[in-house]
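FYI, side chains are in, hydrogens and waters are out, and symmetry mates aren't considered; it's all heavy atoms of this structure. What you see is a predicted model, and the numbers here were worked out from it, not measured in a lab. The first residue of the sequence shown is numbered 1, and numbering continues consecutively from there.
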Amino acid sequence: SVDGQSFYSPSLFSYARPVISTISTPSSRKSIINIKGANYGPASTPAFVLIDNIPCAKVFVLNDTLITCEVNDGLGANLTVNVSIGDQVNLPSSVFSRLPPIITEIH
């Protein structure tokens with residue numbers, strides 16, 4: 001305050017956008033995948049995951065570097081994966097592939 005006048009300057013604050021480093025490949029038809037990276041926030045932070053623009057079910061932020069989600073049936077290669085935390089989305093999109101099962105033996 002100078003001569004009875006105050007100056008107010010709002011503080012600007014933002015979070016770093018989420019970063020994906022690796023995505024595990026599911027081993028069964030309806031599986032949990034691990035999305036490892038950074039800037040996911042503390043456990044239970046609300047998150048939204050899209051795989052090729054389809055929402056991932058049961059998304060859980062376990063810690064600042066790990067998200068799990070349940071992927072449904074489906075096949076595809078080089079599917080885009082986007083993680084949203086608040087209004088921040090990872091850039092660029094990471095890719096994920098889900099290949100068909102391989103039969104190794106029949107009895």
Side-chain angles (χ1 to χ4, degrees):
S1 153
V2 175
D3 289 331
Q5 296 183 3
S6 296
F7 174 74
Y8 172 74
S9 176
S11 297
L12 300 177
F13 184 81
S14 65
Y15 292 96
R17 58 176 77 247
V19 175
I20 296 174
S21 57
T22 62
I23 303 168
S24 67
T25 302
S27 58
S28 64
R29 288 178 49 146
K30 202 172 225 185
S31 298
I32 303 299
I33 62 169
N34 294 320
I35 303 170
K36 294 182 181 179
N39 306 326
Y40 299 153
S44 302
T45 296
F48 194 68
V49 176
L50 292 176
I51 298 178
D52 223 31
N53 293 320
I54 297 172
C56 199
K58 299 179 183 175
V59 177
F60 296 102
V61 173
L62 301 182
N63 58 49
D64 190 51
T65 62
L66 180 62
I67 292 176
T68 63
C69 72
E70 184 178 291
V71 295
N72 293 318
D73 293 346
L75 304 174
N78 300 321
L79 306 173
T80 59
V81 177
N82 289 305
V83 171
S84 299
I85 306 288
D87 63 351
Q88 298 281 3
V89 180
N90 66 292
L91 289 178
S93 295
S94 297
V95 294
F96 168 78
S97 296
R98 180 142 193 193
L99 302 176
I102 298 171
I103 298 172
T104 56
E105 191 173 327
I106 299 176
H107 294 273

Practice task
Could you tell me whether the side chain of Asp64 and the main chain of Pro42 form a donor-acceptor pair under 3.5 Å?
Solution key: no

Problem - Note, Asn78 side chain near Ser97 side chain (heavy atom, < 4.5 Å) - result: yes

Handout entry: Backbone N/O of Asn90 and side chain of Arg17: donor-acceptor pair under 3.5 Å
Key = no

Exercise for the section: Would you give the length of the straight line joining atom CG of Leu50 to atom CG of Leu79, rounded to the nearest 0.5 angstrom? Expected result: 12.0 Å

Fill in the blank from the handout: With Thr68 as partner, the option from Val61, Asn34, Ile35 fulfilling side chain to side chain contact (heavy atoms under 4.5 Å, CB included) is Asn34

Exercise for the section: Give, for atom CD1 of Ile85 and atom OH of Tyr40, the distance between the pair rounded to the nearest 0.5 Å. Expected result: 7.5 Å

Exercise for the section: Report the distance from atom CG of Asn82 to atom SG of Cys56, rounding to the nearest 0.5 Å. Expected result: 12.0 Å

Handout entry: From CG (Asn39) to CD1 (Ile20), nearest 0.5 Å
Key = 11.5 Å

Problem - Atom pair CD1/CZ of Ile51 and Phe96 - distance to nearest 0.5 Å - result: 5.0 Å

Fill in the blank from the handout: dist Glu70:CD -> Ser31:OG (nearest 0.5 Å) comes out at 8.0 Å

Problem - With Val49, the side chain to side chain contact (heavy atoms under 4.5 Å, CB included) member among Val59, Val71, Ile54 - result: Val59

Exercise for the section: Report yes or no: do Ile67 and Leu62 belong to one cluster of Ile/Leu/Val/Met/Phe/Trp/Tyr joined by side chain heavy-atom distances under 4.5 Å? Expected result: no

